[in-house]
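All chains are named by letter (A, B, ...) in the order of the sequence lines, taking the proteins before the strands, and each is independently numbered beginning at 1.
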Protein chains: 2
Amino acid sequence: MVEISRRRAIEDVASELFRAHGYAATSVRDIARVLEIQGPSLYAHVTSKEAVLWAIVDRAAARFEAAAEAATRATGIDPVEAMAALVRAHVRVITDDVGAAAVFVHEWRALGPDRRSAVLERRDAYERRFREVIETGIAGGDFEMTDPALAATAVLSTLNGIPGWYRPDGRLPAGRVADHFVDLVLRMLQGASR
Amino acid sequence: MVEISRRRAIEDVASELFRAHGYAATSVRDIARVLEIQGPSLYAHVTSKEAVLWAIVDRAAARFEAAAEAATRATGIDPVEAMAALVRAHVRVITDDVGAAAVFVHEWRALGPDRRSAVLERRDAYERRFREVIETGIAGGDFEMTDPALAATAVLSTLNGIPGWYRPDGRLPAGRVADHFVDLVLRMLQGASR
DNA sequence: TCCCGCCTAACGATCGTTCGTTTGCTACGG
DNA sequence: CCGTAGCAAACGAACGATCGTTAGGCGGGA
């Protein structure tokens, strides 16, 4: 395997360990052991354990933001279409790197105060994209909702459960997962059976 | 506040700290500090840190199971009604003790192998209740679903996001939260407008 | 007097991190 | 073709701090 960057390899290993056991329960020496080097040797490539977590979280956040941005740009103003694109983009980011996505969703509280609040701010902005599409859909009669903010939170909760069970070699390929969740989310937002 | 059991007070404090910072990031001395005693003094009431986590997780699991059992017993065979009761019961257990529910959902991986697999087994059995109602609903034409297992997982993901934002003194009272989520879940399961 | 709740002291282990040194390769001057 | 300078990567020892936990003692209410 060609080694582009030792640092990136560290972050990938750390992603998987943080996902499986959590940031606090994963020691620097645990990460090093997987790479078959000694714990302190890691510090030739990274400045601190928290910096590794931050690199993972920051990159994951950027991928979510870029995917949502692209999805919004690619679709017109039709809320149903826009929401489907947002969901599909979100699921793709998760399935492309489950470890990083899980760390982004669950381990941001381990960051220091500054970085933690920065993540929360970006998360709010991201959720706002979903809420605005929902509000547009309500105004246009495409969606039936009394509480758009709660609906956006519920939608993202549903999607963010995926890293808890999805595995790249599981019974459902990533594309099918996306299809199913687009369907589920649109059902949540569109009017009930009547 | 009348103090029924010192041990229970420890578990309640631990619930809140485990929820806020995670099990591994919470020290025994952190728990003791909130109770205004010294760290080692906890061991007069408790046998180990993991035992505290187990007590919290076990009680939360039992409350989920009991609530689901009661909900199932109270409703007939109508799947829509049964699912509504299951969702309402689940949300009530969460809102009754957000801390314990959050710990149950997120911190079970910190348990030792035996207890962890015991929890996973109970969680599977619990999820099975949801899946069976969904399957019954599909068979009777009440629900439209191609993948009942995935639907059950998605429903529980949606509900288990609640501890991430619900606060007893928040803008939504517990009853409204339950109403909204019953609505959202039934929409997910029932046929869409398309 | 006894016991229960809490104390302080201390243990071995492990944590994140720093430091000085060694290793193995690549490039280049003579 | 040799010798050597340079460099990135990893090593092993060691640091201070903190972890979960044990042990023994002290004080006050029944």
Nucleic acid footprint by protein, nucleotides 9-22 of chain C - heavy-atom cut-off 4.0 Å, B for base, S for sugar-phosphate alone | BB----BBBB----

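- Rounded to whole angstrom, the span from the NE2 atom of H45(B) across to the P atom of dT21(D) amounts to 16 Å.
- One interatomic measurement links the two molecules: CG of L53(B) to P of dG20(D), which rounds to 12 Å at whole-angstrom precision.
- Between L42(B) atom CG and dG20(D) atom C1' there is a gap of 11 Å when expressed in whole angstrom units.
- Between V91(B) and Y166(B), the closest side-chain pair of non-hydrogen atoms is not below 4.5 Å.
- Salt-bridge formation is detected for the pair R7(B)/E11(B): a Lys NZ or Arg NE/NH1/NH2 atom is positioned less than 4.0 Å from an Asp or Glu carboxylate oxygen.
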Distance-only donor-acceptor hits, side chain of residues 64-83 of chain A, under 3.5 Å, sequence neighbours excluded:
| residue | atom | partner | partner atom | Å |
| --- | --- | --- | --- | --- |
| E65(A) | OE1 | R122(A) | NH2 | 3.2 |
| E65(A) | OE2 | R122(A) | NE | 2.8 |
| E69(A) | OE1 | R129(A) | NH1 | 3.3 |
| E69(A) | OE1 | R129(A) | NH2 | 2.8 |
| E69(A) | OE2 | R73(A) | NH2 | 3.3 |
| T72(A) | OG1 | A68(A) | O | 2.9 |
| T75(A) | OG1 | A71(A) | O | 3.1 |
| T75(A) | OG1 | T72(A) | O | 3.4 |
| D78(A) | OD2 | E81(A) | N | 3.1 |

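- Spacing between atom CD of E36(B) and atom C1' of dC6(C) amounts to 13 Å, rounded to whole angstrom units.
- Counting non-hydrogen atoms of neighbouring residues, nucleotides and ligands closer than 6.0 angstrom, the NE2 atom of H21(A) reaches no more than 12 such neighbours.
- Listed candidates were dG12(D), dA9(D), dC6(C). Nearest to the side chain of Q38(A) is dG12(D).
- Between A154(B) and M188(B) the shortest heavy-atom distance is CB-CE, 3.9 Å.
- The aromatic rings of W165(B) and F181(B) lie parallel to each other, with less than 30° between the two planes, well short of the 60° mark.
- Remark: D179(B) engages R88(B) in a salt bridge, criterion side-chain N to carboxylate O under 4.0 Å.
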Per-nt protein contacts along nucleotides 24-30 of chain D (heavy atom under 4.0 Å; B base, S backbone sugar-phosphate only, - none) come out as -------

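- Checking dC11(D), dC6(C), dA9(D) against every side-chain atom of R6(B), the shortest atom distance belongs to dC6(C).
- Atom CZ of R92(B) sits in a sparse spot, with 12 or fewer heavy atoms from other residues, nucleotides or ligands closer than 6.0 Å.
- Between L35(B) atom CG and dC6(C) atom C1' there is a gap of 12 Å when expressed in whole angstrom units.
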